[in-house]
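Throughout, protein chains are lettered first and strands after them, A, B, ... in sequence-line order, and every chain is numbered starting at 1.
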2 protein chains.
Amino acid sequence: MPKLIKTETGEKLTRQREAVLGVIREREDHPTANDIFEAARRRLPGISYATVYNSLRFLKEAGLVHEIKFGDSASRYDRETDRHDHALCSQCGKLVDFDLPQAAELMKAAARRSKFKPESVHLTLKGVCPDCCK
Amino acid sequence: MPKLIKTETGEKLTRQREAVLGVIREREDHPTANDIFEAARRRLPGISYATVYNSLRFLKEAGLVHEIKFGDSASRYDRETDRHDHALCSQCGKLVDFDLPQAAELMKAAARRSKFKPESVHLTLKGVCPDCCK
DNA sequence: ATTGAGATTTAGACTAACTCTAAATCGTAG
DNA sequence: CTACGATTTAGAGTTAGTCTAAATCTCAAT
């Protein structure tokens with residue numbers, strides 16, 4: 001019996017990678033690499049900063065986590081790997097996932113306009129979140 | 001007659017700011033701050049890096065240029081300041097503007113799903129540009 | 001059980017893209 | 001012409017992430 005669990009495609013899920021994945025999976029929000037580093041260090045005290053980045057790249061490539069990059073500041077990581085969109089609160093910075101069911105049509109419409117062969121679409125809504133609305 | 005032209009809202013368009021704006025307006029593409037710095041230096045040899053950044057912030061706040069930030073690397077600047085969307089080529093990195101006429105409805109749909117009070121929507125299409133399709 | 005090749009992890013140096021700071025300079029109101 | 005606030009400048013600092021090379025780990029073959 002191998003010590004390391006493997007992903008479906010046979011890659012090694014080392015202790016460090018498991019810790020990083022665990023951190024992302026147990027959080028509802030969208031932590032930055034640094035948030036993940038700090039949380040991972042609680043599980044695996046010796047883990048290094050570089051390893052968190054290596055693991056994030058690995059997990060991303062394995063399709064186990066999703067990276068979200070808005071212009072401002074650091075990348076955020078998302079346990080939700082299916083296609084989805086994001087709403088960003090202009091007051092508090094909260095980032096919320098949602099899905100627009102018409103995404104497939106949208107992609108076609110965008111492809112027609114831009115003349116690109118479409119691969120994916122992503123929609124960002126900026127606005128005020130329910131909490132900040134009060 | 002004042003030496004410095006002013007914007008509609010009365011702020012000063014200094015020589016440096018004019019040079020930066022000129023660079024952005026004469027280009028069809030979406031230059032990075034560094035591209036702009038290099039081109040601006042050809043017009044105004046002494047201009048500093050910091051001033052290009054200051055000017056970009058100023059012009060952005062004055063609504064004269066638009067900043068586009070994709071996750072990867074540097075911000076790009078756009079002379080088109082009306083609402084619009086972007087298509088990004090996954091092969092060559094080319095960035096193209098287009099506009100989806102249904103944007104207003106889209107924003108409402110996204111607001112319903114996310115429960116946010118909407119302010120703006122932006123759509124990103126990833127795909128292959130016409131040139132790279134061949 | 002040992003060994004060795006390759007994968008992985010580590011610390012810390014390095015980089016890119018900005019941002020900040022404090023001093024110098026500029027432009028305009030008086 | 002002068003003074004004051006706004007702007008510009010050079011260069012130091014910051015942030016987020018990447019790179020490097022040495023150490024360590026894992027697995028498979030002895």
Side-chain angles (χ1 to χ4, degrees), chain A residues 1-7 9-24 30-41 43-62 64-65 67-77 93 95, chain B residues 1-7 9-24 30-41 43-62 64-65 67-77 93 95:
Chain A
M1 175 165 31
K3 268 200 188 158
L4 296 179
I5 299 161
K6 305 217 176 176
T7 63
T9 46
E11 288 125 326
K12 283 172 211 133
L13 239 201
T14 61
R15 231 156 0 100
Q16 289 85 344
R17 290 169 181 175
E18 251 192 294
V20 168
L21 181 57
V23 167
I24 296 170
H30 299 83
T32 63
N34 199 64
D35 296 337
I36 295 167
F37 172 53
E38 290 180 357
R41 217 164 26 172
R43 297 177 170 229
L44 214 58
I47 197 169
S48 81
Y49 194 73
T51 299
V52 169
Y53 273 100
N54 290 343
S55 299
L56 287 170
R57 180 177 325 118
F58 170 85
L59 293 168
K60 218 166 44 180
E61 278 163 15
L64 295 168
V65 307
E67 182 178 11
I68 316 156
K69 303 190 185 183
F70 286 106
D72 314 74
S73 71
S75 276
R76 302 176 161 273
Y77 293 86
L95 188 57
Chain B
M1 172 164 36
K3 268 202 191 156
L4 296 180
I5 298 163
K6 306 217 173 175
T7 63
T9 48
E11 290 126 326
K12 283 172 210 130
L13 238 201
T14 61
R15 231 157 358 102
Q16 289 83 346
R17 290 170 181 174
E18 253 193 292
V20 168
L21 181 57
V23 167
I24 296 170
H30 300 83
T32 63
N34 199 63
D35 295 338
I36 295 166
F37 172 53
E38 290 181 356
R41 215 161 31 169
R43 296 176 171 231
L44 214 59
I47 197 170
S48 82
Y49 193 73
T51 298
V52 169
Y53 273 100
N54 291 343
S55 299
L56 287 169
R57 182 179 321 119
F58 169 86
L59 294 168
K60 217 167 46 181
E61 278 162 15
L64 295 169
V65 307
E67 183 179 10
I68 317 156
K69 303 188 185 184
F70 286 106
D72 314 74
S73 70
S75 277
R76 304 180 158 269
Y77 294 85
L95 188 57

| task | Kindly say if A/Thr14 contacts the phosphate of D/dC25, meaning a side-chain N or O under 4.0 Å from OP1 or OP2. | result | no

| Between D/dA10, D/dT7, C/dT9, which one does the side chain of B/Arg17 approach most closely? | D/dT7

| request: Specify the separation, in whole Å, of atom CG of A/Leu56 and atom C1' of C/dT8. | output: 15 Å

| Atom-to-atom span, OH of A/Tyr49 to P of D/dT20 - whole angstrom | 18 Å

| said: Using whole Å, what does the distance between atom C1' of nucleotide D/dT9 and atom CZ of B/Phe37 come to? | reply: 11 Å

| note | Between CD of B/Glu18 and C1' of D/dT8 the distance, given in whole Å, is 16 Å

| field | OP1 or OP2 of D/dC25 under 4.0 Å from side-chain N/O of A/Arg15 | value | no

| note | A/Arg57 CZ to C/dT9 C1', in whole Å, measures 13 Å

| query | Atom CZ of A/Arg41 to atom C1' of C/dT9: distance rounded to whole Å? | reply | 15 Å

| field | Distance in Å, B/Ile24 CD1 paired with B/Arg76 CZ, rounded so as to fall on 0.5 Å steps | value | 12.5 Å

| message | So B/Ala50, base contact, sugar-phosphate only, or nothing? Heavy-atom distance under 4.0 Å. | response | base

| Closest-nucleotide 5' rank along DNA chain D - winner of A/Asn54 and B/Gln16 | B/Gln16

| side chain to side chain contact (heavy atoms under 4.5 Å, CB included) assessment of B/Phe37 paired with B/Asn34 | CA-CA 5 Å; B/Phe37 172 53; B/Asn34 199 63; 4.2 Å; yes

| query | A/Lys69 has an atom NZ; how far is it from atom P of D/dT15, in whole Å? | reply | 19 Å

| message | Can you measure B/Leu59 atom CG to D/dT8 atom C1' for me and round it to whole angstrom units? | response | 15 Å

| message | Once you apply a heavy-atom cut-off of 4.0 Å, does A/Thr32 come out as touching a base, just sugar-phosphate, or nothing? | response | nothing

| said: On the nucleotide C/dT9, are OP1 or OP2 found under 4.0 Å from the side-chain N or O atoms that A/Thr51 carries? | reply: no

| Between atom CG of B/Leu44 and atom CZ of B/Arg15, what is the distance when rounded to the nearest 0.5 Å? | 5.5 Å

| field | Exercise: do A/Thr51 and A/Asn54 side chains pair donor with acceptor under 3.5 Å | value | no

| request: For the residue pair B/Ser75 and B/Glu67, confirm or rule out a side-chain donor-acceptor distance under 3.5 Å. | output: yes

| query | If only side-chain N and O atoms of B/Tyr53 are considered, is one of them under 4.0 Å from the OP1 or OP2 phosphate oxygen of C/dT19? | reply | no

